[in-house]
Each structure stands twice: as structure tokens, then as C-alpha cells.
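Input: a single structure, listed below in C-alpha cells.
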Amino acid sequence: MEIIKKDRPQRPLLLWFLGICTMLDEAMSILCYTMFMLFPNIMQMATDKMLSMSYYQDDIYKEAFAAYLSVTPWQYALLLLASVAIFVGAFIMLVKMKQIGFHIYTIGQIVNFCIINFIVGGKLAAMNNIASWIMQICIIVLFATLLPFMKPLQEEEDNELS
């Protein structure tokens, strides 16, 4: 009996770590954006209740809650779409081991940056300081170093044709 081995690339530990952390982070973002988009009044009541607690009496919390409540539902919908793209890109890289996932992830990050800084703006853009964007660039570079372990775009097209 002959065992047929598929030529599957091994997933590096760094890909597992980055992929899972990215998907968890974006899943939480998707949940938060959906809540703020669909239920703004409930989120307003929840933040008011939190601000009445002694732990959240600091002005930083008040500013952060005000920033999130100032974003309109259609802006949250755009942020939601960008987060979905980031999640899908990380998922494709981790599960399918295809380079197209990296491209979707990177485009999602660029779109997210543009939405926060040019469409939403205000205090939400101010909360995303230069350090957070340097961190995102570093994560993109780390994902880029893993591209040799994934199937290239040309190989994907050749496999679809056959």
C-alpha cells in the first residue's frame, strides 16, 4: 500500500502566531464595529453606565468613549469591511497558504488607515498614533518574510487552469 503525500508547505511557527493573533484581533474589532454600527443607542447607554463607575472616572476614558460614539454608523460599516478584509487575508495565509492572502491583508490595512485618518478623522484618528502604525508596518513586513512559504500567485492560476 502506497501512501500518497501531497506537496504541502509547512506552516512556520511565526505564521501560526501572526495569523491567529491577527484573526483574534480583527474578530474583536468586527464585533465592536458591528455593535457600534447597529446599536448606537445601546452603546451610548453602556458607556454612560461605565462612566458612572469609579474605575472609569478618568478623563482619558471619557475622551475615548466620546471618540467612539462620535463615529457614524456608515463609517463603522467601512471600518467593518476593512476589518473583514484583514481577517480574510490572515485566514487565507494561515489556512490556504496562498500569497493572495497577504495582498488582501495589506490592502485591508491600507484601507483601514485611510478610513480612520481621512474619513472618520477627529479624535479616533488622533488615538491611532505613529507608534500603532509603525507596529502595523512591522507586522506587514513579518508577514512578507513568510511569502516564500506560500504558494505564489502564478502557481495558483496554473492550478486553477488544470
Side-chain angles (χ1 to χ4, degrees), residues 2-40 43 60 63-65 67-162:
E2 186 178 319
I3 299 175
I4 300 172
K5 291 184 178 179
K6 291 184 178 180
D7 187 25
R8 288 194 291 170
Q10 293 294 323
R11 288 171 183 81
L13 182 61
L14 182 60
L15 180 61
W16 278 107
F17 180 75
L18 288 175
I20 290 172
C21 288
T22 299
M23 288 189 297
L24 288 173
D25 180 49
E26 292 309 315
M28 294 304 296
S29 293
I30 289 168
L31 180 65
C32 289
Y33 294 154
T34 303
M35 294 296 290
F36 275 100
M37 181 180 69
L38 296 177
F39 309 110
M43 297 309 287
I60 295 172
E63 288 181 31
F65 290 147
Y68 280 106
L69 291 171
S70 69
V71 179
T72 61
W74 70 270
Q75 291 171 329
Y76 273 122
L78 293 175
L79 288 169
L80 180 68
L81 291 173
S83 290
V84 167
I86 295 168
F87 181 90
V88 168
F91 182 80
I92 291 171
M93 281 190 283
L94 183 60
V95 175
K96 299 290 186 178
M97 295 288 292
K98 294 184 178 180
Q99 289 182 356
I100 189 72
F102 173 75
H103 301 295
I104 294 170
Y105 171 82
T106 305
I107 291 169
Q109 288 290 2
I110 293 168
V111 168
N112 190 31
F113 174 81
C114 291
I115 291 169
I116 288 175
N117 289 296
F118 303 123
I119 295 176
V120 175
K123 293 209 182 247
L124 193 61
M127 286 174 26
N128 286 328
N129 58 17
I130 190 75
S132 67
W133 290 108
I134 289 173
M135 183 66 154
Q136 289 303 320
I137 291 169
C138 290
I139 292 171
I140 290 171
V141 169
L142 284 173
F143 271 126
T145 62
L146 298 168
L147 284 175
F149 296 98
M150 298 177 208
K151 295 177 190 170
L153 295 173
Q154 185 63 34
E155 186 179 312
E156 292 173 23
E157 293 171 2
D158 293 342
N159 288 341
E160 289 175 7
L161 294 175
S162 48

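These numbers come from a predicted model, not from an experiment. For this chain, numbers begin at 1 and follow the sequence in order.
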CA sep, side-chain torsions, deciding dist, call: Gln109, Ile86, side-chain contact (heavy atoms from CB on, under 4.5 Å):
CA-CA 7 Å; Gln109 288 290 2; Ile86 295 168; 3.7 Å; yes
[X] [atom1] to [Y] [atom2] distance, which is reported to the nearest 0.5 Å:
X: Leu81; Y: Ile30; atom1: CG; atom2: CD1; answer: 9.5 Å
X: Ile140; Y: Thr145; atom1: CD1; atom2: OG1; answer: 12.5 Å
X: Ile92; Y: Ile104; atom1: CD1; atom2: CD1; answer: 4.0 Å
X: Gln136; Y: Thr22; atom1: CD; atom2: OG1; answer: 8.0 Å
X: Ile137; Y: Leu142; atom1: CD1; atom2: CG; answer: 12.5 Å
X: Met150; Y: Met97; atom1: CE; atom2: CE; answer: 6.0 Å

Donor-acceptor contact present, side-chain [X] to main-chain [Y], <3.5 Å:
X: Arg11; Y: Leu94; answer: yes
X: Ser70; Y: Ala67; answer: yes
X: Tyr76; Y: Met35; answer: no
X: Thr106; Y: His103; answer: no

Please evaluate residues Thr34 and Phe39 with respect to the criterion side-chain contact (heavy atoms from CB on, under 4.5 Å), reporting the C-alpha separation (whole Å), side-chain torsions for both, the decisive distance (0.1 Å), and the verdict.
CA-CA 8 Å; Thr34 303; Phe39 309 110; 5.9 Å; no
Return the minimal non-hydrogen interatomic distance between [X] and [Y], and the atom names on each side.
X: Glu26; Y: Phe87; value: CB-CB, 4.0 Å
X: Gly19; Y: Ala90; value: O-CB, 4.3 Å
X: Phe143; Y: Leu15; value: CE2-CD1, 4.0 Å
X: Pro73; Y: Met37; value: O-CG, 3.4 Å
X: Gly101; Y: Met93; value: C-CG, 3.6 Å
X: Pro12; Y: Leu146; value: CG-CD2, 3.9 Å

If you count heavy atoms of other groups shown closer than 6.0 angstrom to CZ of Phe91, is the number above 12?
no
Are Leu69 and Phe36 packed together at the side-chain level, in the sense that at least one heavy-atom pair is separated by less than 4.5 angstrom?
yes
Min side-chain heavy-atom separation Tyr105-Ile139 under 4.5 Å
yes
